[in-house]
Asks: 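First the structure, which I've put down as structure tokens, then a few questions once you've had a look.
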Number of protein chains: 2
Amino acid sequence: MVAATIKDVAAAAGVGIATVSRVFSGTGAVGAATRERVLAAARDLDYHPSAVGRSLKTRRTGGVGLAVPDVTDPFCADVVAGVLDCARTLGQHVLLDATLGDPAREAEIADRFAEQRVDGVIAVPSGIGDPWSGFVRTGVPLVYVGRVPSCRDGGGTVPAVLADDAAGIRSAVEYLVGLGHRRVGFLGAPAPGTPPDVREDAFRAALSALGVPVDDDLVARARPTRDSAYAAAAGLLQRRSDLTAVLASGHLPGEAAVLVARELDLRVPADLSIAMVDDIAWAELADPPLTAVNRPARDIGHRACELAARGTVRRGPSGPVLLPTELIVRGSCGPAPSRRDRARH
Amino acid sequence: MVAATIKDVAAAAGVGIATVSRVFSGTGAVGAATRERVLAAARDLDYHPSAVGRSLKTRRTGGVGLAVPDVTDPFCADVVAGVLDCARTLGQHVLLDATLGDPAREAEIADRFAEQRVDGVIAVPSGIGDPWSGFVRTGVPLVYVGRVPSCRDGGGTVPAVLADDAAGIRSAVEYLVGLGHRRVGFLGAPAPGTPPDVREDAFRAALSALGVPVDDDLVARARPTRDSAYAAAAGLLQRRSDLTAVLASGHLPGEAAVLVARELDLRVPADLSIAMVDDIAWAELADPPLTAVNRPARDIGHRACELAARGTVRRGPSGPVLLPTELIVRGSCGPAPSRRDRARH
DNA sequence: CAACATCATGGAAACGTTTCCAGAAAAGGG
DNA sequence: CCCTTTTCTGGAAACGTTTCCATGATGTTG
């Protein structure tokens with residue numbers, strides 16, 4: 001009923017516990033015959049060395065903590081998959097938890113990870129506050145993923161693995177403007193949040209770089225929920241019926257744009273071109289298939305885990321790791337309709 | 001640099017370690033003044049009680065192990081979210097790993113969980129073999145989710161939390177037949193796999209219960225990958241152009257059916273009705289929106305975690321927990337076209 | 001005020017490992 | 001055959017907690 005310990009195995013094999021330990025931890029030399037006897041005894045007793053005993057002594061748990069806003073989100077899920085993938089090759093296990101974007105939960109999770117003495121921490125910060133920076137003081141490798149908290153810790157820079165969102169947005173904007181669009185809407189992150197939205201900034205910058213006037217009225221903001229995204233999209237598209245294209249800064253606003261366009265009987269892409277950030281499964285399935293900016297979520301997770309688990313050398317002011325995005329062109333964007341075309345419809 | 005221990009706190013507060021322990025574990029009585037001094041010292045030292053020290057003594061780690069085939073799969077992701085949710089309320093943490101449907105990996109993960117001394121295990125078994133049953137001998141609560149392994153352990157029945165797949169399939173079949181469909185295709189799980197597919201069985205049973213002849217040629221099987229599903233769907237729809245409806249036993253074959261129908265210029269639902277199991281996000285987004293059988297994945301995870309973490313009383317031969325499915329009717333199914341209608345197109 | 005119950009506290013023994021150290025056995029060299 | 005080197009092995013001390021037990025200090029009751 002109760003798990004066998006190293007003592008049981010030692011007794012059964014007629015050896016000292018030190019020998020059993022050497023057999024299982026691989027360190028030190030053990031005679032071939034002895035090793036066999038130990039292994040046999042262990043098999044008989046169904047012995048699994050206790051990680052908690054070991055961790056206490058070695059002061060390493062072999063686990064990394066991973067906190068994401070929501071495992072149900074396809075981007076997060078891919079990040080998790082990447083981390084799991086890498087952790088496996090490194091022989092680490094993964095403690096997962098979901099912050100739900102709530103700073104309070106985030107802090108709880110950070111505490112839990114600290115108690116559990118994880119060897120590394122990977123966090124997709126919620127943006128407000130930073131319960132994670134405490135780990136750098138205790139020497140636990142910490143890696144931010146996807147974004148960095150607004151208020152950074154004072155001293156050393158925390159490593160981060162990010163998608164090159166600015167470049168991704170730029171590529172989408174250039175593509176749309178190249179198709180002749182001048183009045184492009186943007187569905188972005190909430191304004192009240194403290195951190196200025198990188199994507200919105202990139203959107204504005206890309207437009208003005210191309211000589212297209214930027215209109216504050218063209219950007220709508222929503223919290224990361226279906227309802228909020230839908231409301232924002234509906235608001236934007238109704239308010240500005242002159243829009244010929246919309247760029248959604250995530251899959252939720254992208255989904256909302258598709259639904260609202262359908263609702264308003266706008267043909268895609270004849271009346272309205274739609275592009276979004278995050279190339280998730282349904283983008284290909286929609287009708288027409290959606291043009292999207294792909295973020296290498298899985299690679300991001302993989303990379304972050306390497307950094308967190310290997311406890312990489314504390315690098316100086318070298319910036320965050322930026323992974324390239326890719327514009328996946330599908331059928332949802334077309335040439336900008338002339339005003340006459342739109343009126344006809 | 002190195003984390004403070006209970007001794008450090010005791011020294012700083014000028015008390016014995018037992019007292020510090022009592023303050024943090026909440027057991028036993030501590031004078032108000034002493035408690036304050038201890039808490040202050042702990043705050044100064046940024047002390048987090050070590051879970052590994054505690055676990056060694058109490059022989060409980062406060063963690064549950066969760067193994068799913070693929071966190072990227074929406075169903076699995078929802079299960080994970082449910083588990084996380086429940087674990088949080090129970091004060092447990094979650095060790096997550098992905099089996100990728102590979103029995104070897106599955107066994108590795110089971111070993112890892114055993115080493116980590118998790119307090120409970122939740123597994124979506126791959127179906128072949130059963131590396132999990134070892135836990136029942138060691139008294140670790142084990143719960144299967146989504147399905148049960150083909151070869152069950154001999155003695156006690158392992159609790160399981162499942163969607164009532166048979167009922168779900170039945171409801172879909174009844175719905176389709178009610179619309180007049182007689183030749184309904186089925187996209188199911190691989191045949192070579194040992195366990196007879198519950199859903200396929202239910203499909204056959206439902207059809208014959210309604211007096212519709214079941215034709216072996218109407219069922220196609222695929223492994224759970226996009227490619228395999230697509231091949232199966234293409235094969236089925238080309239081979240049997242007389243089909244008026246298809247029921248996909250998962251979102252991958254569902255996706256495949258949609259794509260193949262589009263490829264073959266079949267109008268949905270005029271030429272072909274499509275329904276699938278798993279009501280995932282894009283079902284509503286597709287055009288037309290897809291009729292689907294919803295499995296309460298989140299609830300399943302929640303429920304499983306309750307069972308696993310509470311170490312519920314070892315019940316006798318009471319069967320698995322069956323959670324109800326729900327048929328979500330959308331626009332992808334219509335009345336069966338007459339042969340003439342189909343020819344006209 | 002004596003006798004006793006209650007409360008707050010610290011010492012010390014576990015829990016299951018790893019690892020240092022020292023001793024024994026085996027192997028090799030003259 | 002003895003001495004040195006190498007290889008193998010076991011004892012014991014950590015690692016950071018919890019918890020039993022004993023002790024001293026209070027408070028209560030007759």
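Computed from a predicted structure; not experimentally measured. Naming: A, B, ... by sequence-line order, numbering from 1 per chain.
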Asks: Provide, to the nearest angstrom, the distance between the CZ atom belonging to R54(B) and the P atom belonging to dG16(C).
Replies: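 Taking atom P of dG16(C) as the reference, CZ of R54(B) is at 17 Å.
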Asks: With the side chain of A18(B) defined as its heavy atoms from C-beta on, choose the nearest nucleotide among dG16(C), dG10(C), dT9(D).
Replies: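 Nucleotide nearest to A18(B)'s side chain: dG10(C).
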Asks: Base, sugar-phosphate or nothing for V15(A)? Non-hydrogen atoms, less than 4.0 Å.
Replies: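 Sugar-phosphate, backbone atoms only, no base.
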Asks: Under the criterion salt bridge (charged side-chain N to carboxylate O under 4.0 Å, His left out), I'd like the reasoning laid out for D46(A) against R137(B): C-alpha separation, chi angles, the key distance, then a yes or no.
Replies: CA-CA 10 Å; D46(A) 189 31; R137(B) 258 177 309 130; 3.7 Å; yes
Asks: Could you tell me how far apart I6(B) (CD1) and dG10(C) (C1') are, to the nearest whole angstrom?
Replies: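 I6(B) atom CD1 is separated from dG10(C) atom C1' by 12 Å.
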Asks: So, is T34(B) close to the dT9(C) phosphate, meaning a side-chain N or O under 4.0 Å from OP1 or OP2?
Replies: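 Checking T34(B) against dT9(C): at least one side-chain N or O falls below 4.0 Å of OP1 or OP2.
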Asks: Suppose we screen for salt bridge (charged side-chain N to carboxylate O under 4.0 Å, His left out). Which residues come up paired with E108(B), at least two apart in sequence or across chains?
Replies: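 Result, salt bridge (charged side-chain N to carboxylate O under 4.0 Å, His left out) vs E108(B): R88(A).
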Asks: If we count only N and O atoms by modelled type, under 3.5 Å, do the side chains of D102(A) and S126(A) hold a donor and an acceptor together?
Replies: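 No, no side-chain donor-acceptor contact under 3.5 Å.
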Asks: Select base, sugar-phosphate, or nothing to describe what R59(A) touches, counting heavy atoms under 4.0 Å on all strands.
Replies: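 Sugar-phosphate contact only - R59(A) comes under 4.0 Å of backbone atoms but never of a base.
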Asks: R117(B) has an atom CZ; how far is it from atom P of dT17(D), in whole Å?
Replies: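 Whole-Å distance recorded here is 20 Å.
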Asks: Any donor and acceptor pair, going by atom type alone, linking the side chain of S25(A) with main-chain N or O of S21(A) inside 3.5 Å?
Replies: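 Checked: pair present.
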Asks: Between F135(A) and F113(A), does the ring-ring contact (aromatic ring centres under 6.0 Å, His included) criterion hold? Intermediate values first, please.
Replies: CA-CA 9 Å; F135(A) 285 104; F113(A) 286 173; 7.2 Å; no
Asks: Could you tell me whether S55(A) contacts a base, only the sugar-phosphate backbone, or nothing, with contacts defined as non-hydrogen atoms closer than 4.0 Å?
Replies: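 Nothing, no heavy atom under 4.0 Å.
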Asks: So which nucleotide from dT9(D), dC15(C), dT19(D) ends up closest to the side chain of K7(A)?
Replies: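 Among the listed nucleotides, the one closest to the side chain of K7(A) is dC15(C).
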Asks: Mind checking G16(B) for me? I need base, sugar-phosphate or nothing, with any heavy atom below 4.0 Å counting as a touch.
Replies: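 Sugar-phosphate, backbone atoms only, no base.
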Asks: Would you indicate which nucleotide in dG16(D), dA8(C), dG10(D) comes nearest to any side-chain atom of A29(B)?
Replies: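 Closest of the options to the side chain of A29(B): dA8(C).
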Asks: L56(B) has a side chain; which of dT18(D), dG11(C), dG16(C) sits nearest to it?
Replies: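 For the L56(B) side chain, the nearest candidate turns out to be dG16(C).
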Asks: Would you indicate which nucleotide in dT19(D), dT9(C), dC8(D) comes nearest to any side-chain atom of T19(B)?
Replies: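 From the listed options, dT9(C) comes nearest.
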Asks: In whole angstrom, give the distance that lies between atom CZ of R60(B) and atom P of dG16(D).
Replies: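 Spelled out: CZ on R60(B) to P on dG16(D) is 24 Å.
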Asks: Tell me the interatomic distance from F24(A), atom CZ, to dG16(C), atom C1', rounded to whole angstroms.
Replies: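 The distance from CZ of F24(A) to C1' of dG16(C) comes to 13 Å, rounded to the nearest Å.
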Asks: Side chains of D97(A) and R112(A), heavy atoms from C-beta outward: is any pair under 4.5 Å?
Replies: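 Of all side-chain heavy-atom pairs linking R112(A) with D97(A), none is under 4.5 Å.
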Asks: Classify S21(A) by what it touches in the nucleic acid, base, sugar-phosphate, or nothing, heavy-atom distance under 4.0 Å.
Replies: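 Touches a base.
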Asks: Roughly, in whole Å, what's the span from CG in D8(B) to P in dG16(D)?
Replies: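 One finds 8 Å between P of dG16(D) and CG of D8(B), rounded.
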Asks: Hey, which of these two, T5(A) or R22(A), hits DNA chain C nearer its 5' end, going by closest nucleotide?
Replies: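 Of the two residues, T5(A) wins.
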Asks: Provide, to the nearest angstrom, the distance between the NZ atom belonging to K57(B) and the C1' atom belonging to dT18(D).
Replies: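 In whole Å, dT18(D) C1' lies 6 Å from K57(B) NZ.
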Asks: Using whole Å, what does the distance between atom P of nucleotide dA14(C) and atom CD1 of I17(B) come to?
Replies: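 In whole Å, dA14(C) P lies 15 Å from I17(B) CD1.
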Asks: For G14(B), which contact category applies under a 4.0 Å heavy-atom criterion: base, sugar-phosphate, or nothing?
Replies: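 It contacts sugar-phosphate atoms only.
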